[in-house]
S.K.: 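Supplied in structure tokens, the structure appears directly below.
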Amino acid sequence: MEGLENMAFIASAVSLVTYLMGYMNIGLTKSVNTVTNFMGTSFILALLGGVIADTFLTRFTTCVLFGFLEFLGYALLTVQAHFDQLRPTPCTDISKQCEAANTGQAAILYTGLYLIALGTSGVKAALPLLGADQFDSKDPKEAVQLSSFFNWFMFSLTGGSIIGVTFVVWISSKKGWDWGFGVCTIAVLFAIVLVCIGKPFYRDNALKGSPIIRILRVLAASIRNRYLPIPRKEDELYEVYDKGTQNENLQRTNQFRFLDRAAVHDMTTWGASAAMTPGPWRLSTVTQVEETKILLRMLPIVLSTVFINTCLAQLQTFSIQQSMTLDTRIFGFEIPASSLPVIPLGFNLIFIPIYERIFVPLARRITGIPTGIRHLQRIGVGLVLSTISMAISGVMESKRKSVAVKHNMVDSNEPLPMSVFWLGFQFAVFGLSDMFTLVGLLEFYHAEGSAGMKGTSTALSWFSLAFGYFISSVVVEVVNKASGGWLASNNLNRDQLNYFYWLLSGLSAVNFVIYLVCASWYKYKNVEEMKQEEISIHGSAAN
């Protein structure tokens with residue numbers, strides 16, 4: 001399902017700027033911002049999908065329901081691309097003002113786009129969890145297989161993306177956008193059917209209630225108990241062991257100690273009756289308190305991994321526009337500009353098996369860690385590679401502009417005498433960065449999230465991606481105003497995109513330093529495995 005769904009999503013994402021400019025008569029900057037806002041919305045809504053998968057629907061049901069919404073979005077764009085009256089008159093002279101889409105045409109476009117955004121968000125939130133649910137993290141053998149699953153999930157995602165940016169993009173450019181969107185529609189439909197076929201074989205999650213409500217209860221209880229002393233010993237706090245309803249009990253940690261008051265059971269404050277049967281807004285368990293602490297500890301990691309996704313947004317927009325000014329022929333074949341991301345995807349397709357089959361076993365022997373290196377270390381490697389990629393991007397753009405000046409082609413619409421594959425260097429390095437960072441984040445949030453909030457915590461990896469896309473739009477606008485128009489024109493040969501890339505590289509280096517501080521501060525969760533068959537309650541009330 002991930003391969004087919006991501007094939008459709010990536011194929012649309014990488015070529016959407018071209019569609020908006022060429023077929024919907026939207027300018028370059030607005031097209032870029034439309035795409036980054038669309039991508040940002042797609043990933044930020046994954047947090048909603050994660051909460052739904054934890055609280056209201058099972059992972060499987062969430063995948064099917066949101067997959068159907070995505071199917072409807074692609075079907076709507078297919079219809080619009082097929083009928084000329086649903087689009088503005090094509091603009092053939094870029095020197096003149098083009099006819100803008102009317103209200104109805106814009107409504108169809110944005111309804112289709114944001115149905116896709118909503119649909120893919122739910123799939124991306126629930127599908128990795130549905131796969132991870134098939135492994136028991138308490139079983140040593142299955143714990144290793146769980147780590148492998150996330151690598152192969154990334155492999156499937158990459159394989160689908162390669163087909164999307166080659167085959168589907170080729171269909172869009174040669175056969176028409178209605179054919180391209182039509183293939184995406186059929187692919188998502190098949191994805192839904194295939195995941196439904198596997199339904200009898202899945203282990204599905206048991207719903208544990210809303211993690212948001214539990215967090216709010218902890219905050220409310222800690223405020224109510226703000227004047228109570230914090231016990232030094234963990235066994236003086238309230239906890240419930242129940243094999244029937246809980247998979248794990250979290251041990252107390254020393255960070256955010258003010259929240260421990262939520263688990264203080266004090267008779268003198270509420271009276272005897274309240275002490276015997278306290279309400280959930282008055283008293284929380286240690287595990288519920290630690291759930292809240294985990295989320296708070298994760299937030300600095302989330303924020304310090306946002307900027308890498310801002311850089312990713314630039315490669316998916318401005319680099320595509322760069323490629324449209326270059327010679328896209330190789331061995332006599334013309335490669336669509338929108339297919340350029342196949343370069344980092346190809347590297348990922350090669351390096352993921354190498355990482356999984358060679359690096360991880362070797363690192364595991366040295367470190368004794370099932371995943372080879374810790375999740376936060378893996379993420380850090382990705383951030384360093386991102387910084388390098390942005391620096392390379394600046395160098396390549398300077399070279400591209402020098403070729404335009406040398407051949408007096410600054411204002412020409414003809415391809416420059418420079419191969420598009422010079423841009424492959426920046427894409428290749430960033431592809432490796434994405435392999436380290438995205439899988440590291442998925443593993444980290446899934447491993448560190450409590451049993452009752454894995455959907456919400458795993459969705460944070462997509463939330464980080466979303467925030468990066470939204471910041472990308474802001475960064476472009478701010479840089480344009482502060483620099484006097486580095487990216488203001490529709491002619492990249494006259495813009496200062498190289499300066500913009502170098503700025504991103506410098507900011508990425510600063511961001512990495514901030515990440516190191518956050519990662520050093522983070523404390524991994526401690527799980528106390530339950531050994532009792534019966535329910536037992538300990539704390540001051542039991543005493």
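Just so you know, these numbers use all the heavy atoms, side chains as well, and skip hydrogens, waters and symmetry mates.
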S.K.: Taking the side chain as C-beta and beyond, is there a heavy-atom pair between Trp422 and Leu326 under 4.5 Å?
M.R.: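 Side chain of Trp422 against side chain of Leu326, heavy atoms only: no contact under 4.5 Å found.
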S.K.: What are the two closest non-hydrogen atoms of Gly122 and Thr62, and how far apart are they?
M.R.: O-CG2, 4.0 Å
S.K.: CG/Leu127 to OG/Ser156 distance, rounded to the nearest 0.5 angstrom?
M.R.: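 Spacing of CG (Leu127) from OG (Ser156) equals 9.5 Å.
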S.K.: Please confirm whether the backbone N or O of Met390 pairs with a side-chain atom of Gln426, one donor and one acceptor, at under 3.5 Å?
M.R.: no
S.K.: Are the side chains of Thr437 and Ser386 in contact, using a 4.5 Å heavy-atom criterion?
M.R.: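 When only atoms from C-beta onward are counted, Thr437 and Ser386 do not touch, as no gap falls below 4.5 Å.
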S.K.: When you measure from the side chain of Ser433 to the backbone of Leu383, do you find a donor-acceptor pair of N or O atoms at a distance under 3.5 Å?
M.R.: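 Looks like no, no N/O pair under 3.5 Å.
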S.K.: For Tyr114 and Phe38, take the angle between the two ring planes, folded into 0 to 90°, and tell me which bin it lands in: parallel under 30, tilted 30 to 60, perpendicular over 60.
M.R.: perpendicular
S.K.: Please work out whether the ring planes of Tyr515 and Phe512 are parallel, tilted or perpendicular, with thresholds of 30° and 60°.
M.R.: parallel
S.K.: Donor-acceptor pairs are to be reported for all side-chain atoms of residues 66-78 against protein atoms at under 3.5 Å, with residues two or more places apart or in another chain.
M.R.:
from, atom 1, to, atom 2, distance (Å)
Tyr74, OH, Ala8, O, 3.3
Tyr74, OH, Phe9, N, 3.2
Thr78, OG1, Tyr74, O, 2.7
Thr78, OG1, Phe181, O, 3.2
Thr78, OG1, Gly182, N, 3.3
Thr78, OG1, Thr185, OG1, 3.2

S.K.: Determine whether Leu507 and Val475 make a side-chain contact, defined as any pair of heavy atoms from C-beta on separated by less than 4.5 Å.
M.R.: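 No; the side chains remain at least 4.5 Å from each other.
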S.K.: What's the spacing between Ile197 CD1 and Met1 CE if we round to 0.5 Å?
M.R.: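 Taking CD1 in Ile197 and CE in Met1, the distance rounds to 12.0 Å.
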S.K.: Drop me the distance from Met39's CE to Ile10's CD1, to the nearest 0.5 angstrom.
M.R.: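 Spacing of CE (Met39) from CD1 (Ile10) equals 5.0 Å.
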S.K.: Between Lys124 and Phe43, is NZ or CZ placed under 6.0 angstrom from the six-membered ring centre and within 45° of the ring axis?
M.R.: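 Pair Lys124/Phe43 does not count as cation-pi.
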S.K.: Enter the distance from Leu438:CG to Leu157:CG here, rounded to the nearest 0.5 Å.
M.R.: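 Rounded to the nearest 0.5 Å, the CG-CG separation comes out at 7.0 Å.
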S.K.: Atom CZ in Phe347, atom CD1 in Ile354: separation rounded to 0.5 Å?
M.R.: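 These two atoms lie 10.5 Å from each other.
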S.K.: Any side-chain heavy atom of Arg378 sitting closer than 4.5 Å to one from His375?
M.R.: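 The answer is no, as the side chains (C-beta and beyond) never meet within the 4.5 Å cut-off.
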S.K.: Nearest 0.5 angstrom please: Thr287 OG1 to Ile294 CD1, how far?
M.R.: 9.0 Å
S.K.: Does Phe56 have more than 12 heavy atoms from other residues, nucleotides or ligands lying within 6.0 Å of its CZ?
M.R.: no
S.K.: With a 4.5 Å cut-off on side-chain heavy atoms, are Cys311 and Tyr501 touching?
M.R.: no
S.K.: Checking Thr120 side chain against Ile116 main chain: does a donor-acceptor pair fall under 3.5 Å?
M.R.: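 No, Thr120 side chain to Ile116 backbone: no donor-acceptor pair under 3.5 Å.
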S.K.: Test Ile392 against Phe430 for side-chain contact (heavy atoms from CB on, under 4.5 Å), laying out the working first.
M.R.: CA-CA 10 Å; Ile392 294 174; Phe430 202 93; over 6 Å; no
S.K.: Arg214: which residues meet the salt bridge (Lys or Arg N to Asp or Glu O under 4.0 Å) condition with it, sequence neighbours left out?
M.R.: Glu291
S.K.: Whether the side chain of Asn6 engages the backbone of Gly160 through a donor-acceptor N/O pair (distance < 3.5 Å, no angle test) should be reported.
M.R.: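 Such a contact is absent between Asn6 side chain and Gly160 backbone.
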S.K.: Do Thr58 and Thr61 have side-chain atoms, one donor and one acceptor, less than 3.5 Å apart?
M.R.: yes
S.K.: What is the minimum heavy-atom distance between Ser172 and Gly180, and which atoms define it?
M.R.: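 That would be OG-CA, 3.3 Å.
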S.K.: Return the set of residues passing side chain to side chain contact (heavy atoms under 4.5 Å, CB included) with Leu47 (not counting sequence neighbours), or none when no residue passes.
M.R.: Thr456, Ala459, Leu460, Phe463
S.K.: Check whether Asn151 reaches the backbone of Pro353 with its side chain - one donor and one acceptor, N or O, closer than 3.5 Å.
M.R.: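 A pair under 3.5 Å: no.
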S.K.: Assess whether atom OH of Tyr522 is packed by more than 12 heavy atoms of other residues, nucleotides or ligands within 6.0 Å.
M.R.: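 Correct, the count exceeds 12.
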S.K.: With side-chain contact (heavy atoms from CB on, under 4.5 Å) as the criterion, how do Thr158 and Met154 come out once you've worked through the C-alpha distance, each side chain's angles and the decisive distance to 0.1 Å?
M.R.: CA-CA 6 Å; Thr158 301; Met154 181 68 173; 4.2 Å; yes
S.K.: Treating Thr41 as the side-chain partner and Asn37 as the backbone partner, does any N or O pair qualify as donor plus acceptor under 3.5 Å?
M.R.: yes
S.K.: Specify the closest pair of heavy atoms between Ser121 and Ser42, including all atoms of both residues, with the distance to one decimal.
M.R.: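 Looks like CB-O, 2.9 Å.
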S.K.: Take a 6.0 Å sphere around CZ of Phe149 and say whether it holds more than 12 heavy atoms from other residues, nucleotides or ligands.
M.R.: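 Correct, the count exceeds 12.
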S.K.: Looking at every heavy atom in both Leu385 and Val429, which two are closest together, and how far apart are they?
M.R.: O-CG1, 3.4 Å
S.K.: Name the one of Phe436, Phe155, Phe150 that satisfies ring-ring contact (aromatic ring centres under 6.0 Å, His included) with Tyr355?
M.R.: Phe436
S.K.: Flag the pair Tyr19 / Leu109 as yes when at least one side-chain heavy-atom distance between them is below 4.5 Å, and no otherwise.
M.R.: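 A side-chain contact exists here, since the closest heavy-atom pair is under 4.5 Å.
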S.K.: Determine yes or no for a side-chain-to-main-chain donor-acceptor pair under 3.5 angstrom, with Thr55 supplying the side chain and Ile52 the backbone.
M.R.: no
S.K.: Do Arg59 and Tyr202 make a side-chain contact, defined as non-hydrogen atoms from C-beta onward lying under 4.5 Å apart?
M.R.: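 Heavy-atom side-chain distance check fails, nothing below 4.5 Å.
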S.K.: Assess whether a salt bridge exists between Glu448 and Arg297, defined as any Lys/Arg side-chain N lying under 4.0 Å from an Asp/Glu carboxylate O.
M.R.: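 The answer is no: the pair does not qualify as a salt bridge.
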S.K.: Identify the two heavy atoms, one from Ser505 and one from Thr387, that lie closest to each other, and give their separation to 0.1 Å.
M.R.: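 What the structure gives for the nearest pair is OG-O, 3.1 Å.
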S.K.: Ala11 and Gly164: which non-hydrogen atoms are nearest, and at how many Å?
M.R.: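 Looking at all heavy atoms of both residues, the shortest contact is CB-O, 3.3 Å.
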S.K.: Short question: side chain of Thr111, backbone of Ile108 - any donor-acceptor pair under 3.5 Å?
M.R.: no
S.K.: Would Val188 and Val123 count as a side-chain contact (heavy atoms from CB on, under 4.5 Å) here? Give the steps.
M.R.: CA-CA 11 Å; Val188 172; Val123 173; over 6 Å; no
S.K.: Are Arg374 and Phe444 close enough that some pair of their side-chain heavy atoms sits under 4.5 Å apart?
M.R.: no
S.K.: Could you walk me through whether Cys184 and Val168 pass the side-chain contact (heavy atoms from CB on, under 4.5 Å) test, one step at a time?
M.R.: CA-CA 8 Å; Cys184 294; Val168 180; 4.0 Å; yes
